[in-house]
Amino acid sequence: MERIALKAAGAILLLLGTTAFGIYKACMYNSRLDNLYEIKKAFLYIQGEIRYMNTPMPETLAGAARQIKGSCRLFFSRVASELDAGNGKELKQVWDKAVVNEIPQGILEREAVEALREMGGQLGCLDIRAQEKAIDYFLKRWDFLIEKRRREKGEKLKLYYACGVMVGLLMVIIIV
């Protein structure tokens with residue numbers, strides 16, 4: 001009798017663990033989508049500062065960091081502080097380094113990280129008109145990424161939840 005209770009407890013724990021992993025993956029998907037929205041908000045702020053205020057780039061990026069929340073906030077803050085330090089590095093170099101060091105693995109899809117990295121080469125070194133056009137292009141590209149992820153969201157979340165439960169059930173059947 002004790003052996004059956006132990007097997008049942010193990011099966012329940014296994015099922016709960018795989019279900020929790022499915023829920024974790026779904027939460028990560030939602031978090032990546034939220035990060036896309038936050039970066040868009042930051043670039044809308046940057047665009048406004050460039051277009052209307054002609055604010056220096058370090059101040060603009062620091063302001064963008066204050067406007068957003070989440071894990072991407074540190075990215076903009078780090079770029080601003082590096083530029084403020086004035087150690088002779090160009091924005092592109094500082095931006096690339098910050099993308100690698102301050103954007104944790106998994107908070108953005110690879111496609112979004114590449115788009116963000118490319119944007120660093122467009123900011124700061126062009127005239128205002130070219131920067132505005134570059135940001136417009138970036139925002140259109142970013143909107144496409146957001147829309148793609150938003151459309152997939154329901155389907156992906158169901159898949160993560162179902163896979164978590166089904167893998168747990170399969171493992172329970174195999175083990176027990």
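Worth knowing before you read on, the calculation uses all heavy atoms, side chains too, and leaves out hydrogens, waters and symmetry mates. Position 1 is the first residue of the sequence, and the numbers go up from there.
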Any heavy-atom pair between the side chains of [Y] and [X] that's under 4.5 Å?
X	Y	value
Val167	Phe21	no
Leu157	Lys153	yes
Glu152	Glu155	no
Leu74	Ile103	no
Phe75	Leu116	yes
Ile12	Val172	no
Ile68	Tyr37	no
Lys40	Leu36	no

Are the side chain of [X] and the backbone of [Y] linked by a donor-acceptor contact shorter than 3.5 Å?
X	Y	result
Arg32	Ile107	no
Asn35	Leu108	no
Thr18	Gly164	yes
Tyr29	Tyr160	no
Glu118	Ala115	no
Thr19	Leu15	yes
Thr60	Pro56	yes

Same cluster or not: [X] versus [Y], using hydrophobic residues (I, L, V, M, F, W, Y) connected whenever any side-chain heavy atoms lie under 4.5 Å apart?
X	Y	result
Ile39	Leu139	yes
Leu170	Leu16	no
Leu83	Val99	yes

Straight-line distance of [X] [atom1] to [Y] [atom2], nearest 0.5 Å:
X	Y	atom1	atom2	answer
Ile128	Lys133	CD1	NZ	13.5 Å
Glu102	Glu82	CD	CD	9.0 Å
Arg73	Arg78	CZ	CZ	14.0 Å
Leu145	Glu147	CG	CD	11.0 Å
Cys72	Lys41	SG	NZ	11.5 Å
Ser81	Phe76	OG	CZ	13.5 Å

Does atom [atom1] ([X]) have a neighbourhood of more than 12 heavy atoms from anything else shown, all under 6.0 Å?
X	atom1	answer
Met53	CE	no
Ile4	CD1	no
Tyr161	OH	yes
Lys97	NZ	no

Return the minimal non-hydrogen interatomic distance between Gln122 and Ala134, and the atom names on each side.
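For Gln122 and Ala134, the tightest heavy-atom pair comes out as CB-CB, 3.6 Å.
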Nearest heavy atoms of Ala80 and Ala62, plus distance in Å:
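Closest approach of Ala80 to Ala62: CB-N, 3.5 Å.
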Determine, step by step, whether Gln47 and Glu132 satisfy the side chain to side chain contact (heavy atoms under 4.5 Å, CB included) criterion, reporting the C-alpha distance in whole Å, the side-chain angles of both residues, the deciding distance to 0.1 Å, and the verdict.
CA-CA 7 Å; Gln47 184 181 44; Glu132 288 176 6; 5.5 Å; no
Before giving the answer on side chain to side chain contact (heavy atoms under 4.5 Å, CB included), spell out for Glu59 and Asp84 the whole-Å C-alpha distance, their side-chain angles and the decisive distance to 0.1 Å.
CA-CA 8 Å; Glu59 290 176 37; Asp84 251 350; 5.8 Å; no
Test salt bridge (Lys or Arg N to Asp or Glu O under 4.0 Å) on Glu111 and Arg149; report intermediate values, then the result.
CA-CA 12 Å; Glu111 189 178 1; Arg149 299 301 179 258; 3.6 Å; yes
We want to know whether Glu49 and Thr55 form a side-chain donor-acceptor pair, criterion being a heavy-atom distance below 3.5 angstrom.
yes
Could you go through the side chain to side chain contact (heavy atoms under 4.5 Å, CB included) check for Gln131 and Ile46 one step at a time?
CA-CA 10 Å; Gln131 284 183 8; Ile46 291 168; over 6 Å; no
Which pairs with one or both residues in residues 129-148 pass ring-ring contact (aromatic ring centres under 6.0 Å, His included), sequence neighbours excluded?
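The answer is Phe43-Phe138, Phe138-Trp142.
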Before giving the answer on salt bridge (Lys or Arg N to Asp or Glu O under 4.0 Å), spell out for Lys92 and Asp96 the whole-Å C-alpha distance, their side-chain angles and the decisive distance to 0.1 Å.
CA-CA 6 Å; Lys92 181 174 178 22; Asp96 283 342; 3.3 Å; yes
